[in-house]
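This report refers to the structure that appears directly beneath it.
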Amino acid sequence: MTFDPLITTALFYLIFLSQIYLLSLHYPRIMLRRLTYVLKNFPANDYPKLYPASYTFDTERKARQGMRLFRGMNIVIALIGLGLILTALMTGYRPQGHGEEALVAAFFVLQAVPHVLTELTTFKHYKLMRQCNNSSRRTASLTRRHLFDFISPVPVILAVALIIIWLVYFLTDAGLTVPLKRNVYVMLLAVSMANFVFVAMIVQHLRGRKLDPHLAHKDKLKQTELVIRSAVIGSIALSSFLIIDQTVQQYALDYLQPAIISLYFQAIIIFGPGAMLRGYRPEEIDFSVYKKDARSL
């Protein structure tokens, strides 16, 4: 089975261009707009609990410096991506399925670097919040929440079913010889670890302590719902990608792999961090809990 090379080549360029735009331009712009909104409307003088480090240095100035760095890194990475596309066009590159998907994956990792650094900074910020909150009076809801309070059983069942379908498909295609080949063990371990991360995310938000000790209860519930949905959809996307990739290899459609893996990366961004950004808007968050005389919830 083959497709017109011109169509598959044009499709790959469009999909890869979309990857550059989404992760290096679109979502960074949304994140910077959110931070600008918070800094403008909730300054450290009025909301000191939101800026625990403001006692030792100008947190707002530091935040704006970090925003400029974040914007600059993403612009540079986007330019690198555009440079790759221009180079490919000039050399007449067409997807052949000879390992080009590794280049797409490597560029995705590069795109993720500014976002990972931002997440690490956020975790440090939350840690400092908890340290400064040790002597605060706290209240908490006694209502114990369960998984299906936040998500319908249907997507959870679908996620489990797709894992089983992929597992049967993969082992059948790999051959049920004993002992199994080394690459089979590696794949099973990698997929198991990925799904373990999804489960850990869910358990942490259902049973673990709040990263932000001041977060209002209603915002905590909203955040938990979005994280659980993102984790379940992430598992569904992973299994779907593995099934499609296995089919592509089985029917010798390897030249489609660069486009498929790029689509997969975009899907996990759209339904993961993208869903959090869409569903957890700063305009809807209760910032009154960060005032000096507010009680931690």
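Counted within 6.0 Å of OH on Tyr280, heavy atoms from surrounding residues, nucleotides or ligands total more than 12; the atom is thus considered enclosed. Within a 6.0 Å radius of CE in Met67, more than 12 heavy atoms belonging to other residues, nucleotides or ligands are found. Counting non-hydrogen atoms of neighbouring residues, nucleotides and ligands closer than 6.0 angstrom, the NZ atom of Lys218 exceeds 12 such neighbours. Annotation for Phe196: atom CZ does not count as buried by contact number, only 12 or fewer foreign heavy atoms lying within 6.0 Å.
By the criterion of side-chain heavy atoms lying less than 4.5 angstrom apart, applied directly or through intervening Ile, Leu, Val, Met, Phe, Trp or Tyr residues, Leu17 is not grouped with Leu11; the two fall into different hydrophobic clusters. Note on Leu35 and Leu25: separate hydrophobic clusters, where clusters join Ile, Leu, Val, Met, Phe, Trp and Tyr whose side-chain heavy atoms are under 4.5 Å apart, directly or indirectly. When hydrophobic clusters are built by joining Ile, Leu, Val, Met, Phe, Trp and Tyr residues whose side-chain heavy atoms come closer than 4.5 Å, directly or via intermediates, Val104 is grouped together with Leu82. In the hydrophobic cluster analysis, where Ile, Leu, Val, Met, Phe, Trp and Tyr join through side-chain heavy atoms closer than 4.5 angstrom, Tyr264 is grouped together with Val197. Under the 4.5 Å side-chain heavy-atom criterion for Ile, Leu, Val, Met, Phe, Trp and Tyr, Leu256 and Leu263 are members of distinct hydrophobic clusters.
Here CZ of Arg68 is found 8.5 Å from CZ of Arg64. Values are rounded to the nearest 0.5 Å. Atoms OG and CG, on Ser192 and Leu167 in that order, are 8.5 Å from each other to the nearest 0.5 Å. Summarising the geometry, atom CG belonging to Leu215 is positioned 13.0 Å from atom NZ belonging to Lys222; distances are rounded to the nearest 0.5 Å. Distance check, rounded to the nearest 0.5 Å: CD of Gln204 to OG1 of Thr224 gives 9.5 Å. Going from atom NE2 of His217 over to atom NZ of Lys210 covers 9.0 Å, rounded to the nearest 0.5 Å. In this structure, CG on Asn74 lies 11.0 Å from CG on Leu79, to the nearest 0.5 angstrom.
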- Message: Test side chain to side chain contact (heavy atoms under 4.5 Å, CB included) on Val227 and Phe198; report intermediate values, then the result.
- Response: CA-CA 9 Å; Val227 169; Phe198 293 136; over 6 Å; no
- Task: Apply the test ring-ring contact (aromatic ring centres under 6.0 Å, His included) to residues Phe70 and His115: give CA-CA distance (whole Å), side-chain angles for both, the deciding distance (0.1 Å), then the verdict.
- Result: CA-CA 8 Å; Phe70 180 73; His115 299 271; 5.4 Å; yes
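Two residues are said to be in side-chain contact when any heavy atoms from C-beta on lie closer than 4.5 Å; Gln223 and His205 meet this criterion. Between Leu188 and Phe170, the closest side-chain pair of non-hydrogen atoms falls below 4.5 Å. Residues Phe108 and Ile269 have side chains in contact (heavy-atom distance under 4.5 Å, counting atoms from C-beta outward). For the pair Gln266/Ile261, no side-chain contact is recorded, criterion being any heavy-atom separation below 4.5 Å from C-beta on. Met201 is not listed as a side-chain neighbour of Ile228, based on a closest heavy-atom distance of 4.5 Å or more. Proximity of Gln246 to Ile243: side-chain heavy atoms (C-beta onward) are nowhere separated by under 4.5 Å. The side-chain heavy atoms of Glu283 and Tyr37, taken from C-beta on, include a pair separated by under 4.5 Å. Side chains of Asp219 and Glu284 form no contact here, defined as non-hydrogen atoms less than 4.5 Å apart.
In this structure a side-chain-to-backbone donor-acceptor pair under 3.5 Å is missing from Asp245 to Gln257. Ser230 places a side-chain N or O within 3.5 Å of a backbone atom of Leu226 that can act as its donor or acceptor partner. Between the side chain of Arg130 and the backbone N or O of Leu211, at least one donor-acceptor pair lies under 3.5 Å. With hydrogens and angles disregarded, a donor-acceptor distance shorter than 3.5 Å links the side chain of His125 to the backbone of Leu50. Remark: the backbone N or O of Ala88 is paired with a side-chain donor or acceptor of Thr91 at under 3.5 angstrom.
A donor and an acceptor atom, one from each side chain of Gln249 and Asp254, are nowhere located under 3.5 Å apart. Between Tyr290 and Asp212, the side chains place a donor N or O and an acceptor N or O closer than 3.5 Å (distance only, hydrogens not considered). Side-chain N/O atoms of Gln111 and Gln19 include a donor and acceptor closer than 3.5 Å.
Every pair passing side-chain hydrogen bond (donor to acceptor under 3.5 Å, both in side chains) that includes a residue from residues 156-170 is listed here, sequence neighbours excluded: Tyr169-Thr247, Tyr169-Gln250.
Ring-plane geometry between Phe42 and Phe287 is classed as parallel, the angle between the planes falling under 30 degrees on a 0 to 90 degree scale with a further cut at 60. Ring pair Tyr93/Phe12 is perpendicular by interplanar angle, where above 60° counts as perpendicular and below 30° as parallel.
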Could you list the donor-acceptor pairs under 3.5 angstrom formed between side-chain atoms of residues 232-241 and any protein atom two or more places apart in sequence or on another chain?
unit_1, atom_1, unit_2, atom_2, d
Ser235, OG, Asn195, OD1, 2.7
Ser239, OG, Ser235, O, 3.3
Ser240, OG, Ile236, O, 2.8

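Between Phe107 and the options Leu103, Leu110, Val109, a side-chain contact (heavy atoms from CB on, under 4.5 Å) holds for only Leu110. Of the candidates Met31, Glu119, Met73, Met73 is the only one forming a side-chain contact (heavy atoms from CB on, under 4.5 Å) with Pro114.
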